[in-house]
Amino acid sequence: RHASVNLSAKIAIISLRKKKTCTFTAFFQKTCGFILYCKCFNVSLHEEYNNKIEQMIYFISKKLEISAAHSLTLSYESKCSSLHGHNWEIELFFVGKELNQDGMVIDFTHVKKAVHSKLDHANLNEVFDFNPTAENIGRWLVNLFPECYKASVQESFGNTAVVIDEEKMKGIENLIP
């Protein structure tokens with residue numbers, strides 16, 4: 001089918017160049033499964049297709065690794081009260097009903113810079129004014145980006161906190177992968 005779509009498109013464009021008009025809307029609808037809107041030499045997708053793009057919801061995620069130290073203030077005695085470090089694995093989940101002017105929900109590079117500049121090779125007790133547990137760091141990450149609805153923060157193998165902002169998920173709960 002893809003070969004016939006490409007061949008049909010080539011035939012229509014060649015015909016357009018010869019006639020400088022478009023009478024191929026019905027032809028394209030039958031052979032390609034979508035409608036093309038043609039005007040002189042410019043070929044663009046029909047507004048029905050453009051409306052489908054506006055109905056899209058975009059889900060993306062970004063994985064990061066940071067090295068950072070912390071000590072926890074706990075209500076019980078624990079070795080975690082002493083300063084110690086982890087190679088944290090973080091995954092951030094973003095949702096957007098629209099893409100920005102660059103065609104993205106959010107730029108992965110901007111996410112990495114924002115997180116790394118604050119957390120990588122840092123003493124998290126000096127960065128935050130809260131107890132730097134995996135849960136609290138996850139909440140901070142979700143709140144850092146308006147598009148972020150979920151953060152997974154793994155401080156070590158088998159020890160992961162997942163934080164989800166229910167408000168950002170309203171209306172799309174059943175769509176989230």
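Computed from heavy atoms alone, side chains included, the values below leave out hydrogens, waters and symmetry copies. This structure is a prediction, so every number in the text was calculated from the model and none was measured.
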Give the C-alpha distance, both sets of side-chain angles, the deciding distance and a yes or no for side-chain contact (heavy atoms from CB on, under 4.5 Å) between V142 and Y149.
CA-CA 6 Å; V142 168; Y149 68 92; 5.9 Å; no
So V162 and I164, side-chain contact (heavy atoms from CB on, under 4.5 Å) or not? Walk me through it.
CA-CA 7 Å; V162 177; I164 299 171; 4.2 Å; yes
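The closest donor-acceptor contact from the side chain of H110 to the backbone of F108 lies at 3.5 Å or more, if one exists at all. When atom types are taken as modelled, the side chain of T133 and the backbone of N136 share a donor-acceptor pair closer than 3.5 angstrom. H86 contributes no side-chain N or O that, together with a main-chain N or O of S156, makes up a donor-acceptor pair within less than 3.5 Å. Judged by distance alone, with hydrogens and angles left aside, the side-chain atoms of D102 form no donor-acceptor pair with the main-chain N or O of M104 at under 3.5 Å. Under a 3.5 Å cut-off, the side chain of N125 and the backbone N or O of S71 do form a donor-acceptor pair. In this structure a side-chain-to-backbone donor-acceptor pair under 3.5 Å is present from N143 to R139. Judged by distance alone, with hydrogens and angles left aside, the side-chain atoms of N131 form a donor-acceptor pair with the main-chain N or O of T73 at under 3.5 Å. W88 places no side-chain N or O within 3.5 Å of a backbone atom of V153 that could act as its donor or acceptor partner.
Taking the ring centre of F93 as origin, the terminal cationic atom of K150 falls inside the region bounded by 6.0 Å and 45° from the ring axis.
Relative ring orientation between F128 and F130 is described as parallel, the plane-to-plane angle staying below 30° on a 0-90° scale split at 30° and 60°.
Side-chain contact check for L141 versus V163: every heavy-atom pair is 4.5 Å or farther apart. Between L119 and W140 the shortest side-chain heavy-atom distance falls below 4.5 Å. Under the 4.5 Å side-chain criterion, counting only non-hydrogen atoms from C-beta, H70 is in contact with H84. Looking at heavy atoms from C-beta onward, L64 lies in side-chain contact with K62 at the 4.5 angstrom threshold. Side chains of T160 and S152 form a contact here, defined as non-hydrogen atoms less than 4.5 Å apart. Here the side chains of L175 and F59 are in contact, with some heavy-atom distance below 4.5 Å.
A salt bridge does not link E173 to K170: none of the charged nitrogens lies less than 4.0 Å from a carboxylate oxygen.
Taking the six-membered ring for Trp and the full ring otherwise, F145 and F94 have centroids separated by under 6.0 Å. Taking the six-membered ring where the residue is Trp, the centroids of H121 and H116 are separated by 6.0 Å or more.
Taking a 4.5 Å side-chain heavy-atom cut-off between Ile, Leu, Val, Met, Phe, Trp and Tyr, the cluster of L74 extends to L72, Y76.
Dense packing is recorded around NZ of K168, with more than 12 heavy atoms of other residues, nucleotides or ligands lying under 6.0 Å away.
Nearest heavy-atom pair, G96 versus V105, reported as atom, atom and distance to 0.1 Å: N-CG1, 4.0 Å. D120 and S67 get closest at one heavy-atom pair: OD1-N, 2.9 Å. Heavy atoms only, all atoms of each residue included: I137 and P132 are closest at CD1-O, 3.7 Å. Contact detail for A151 and G138: the closest heavy-atom pair is CB-O, 3.8 Å.
A distance of 10.5 Å separates CD in E91 from CD in Q154, rounded to the nearest 0.5 Å.
No continuous path of ILVMFWY side-chain contacts below 4.5 Å connects L124 to L83, so the two sit in separate hydrophobic clusters. Taken together through direct or relayed side-chain contacts under 4.5 Å among Ile, Leu, Val, Met, Phe, Trp and Tyr, L92 and L99 form part of one hydrophobic cluster.
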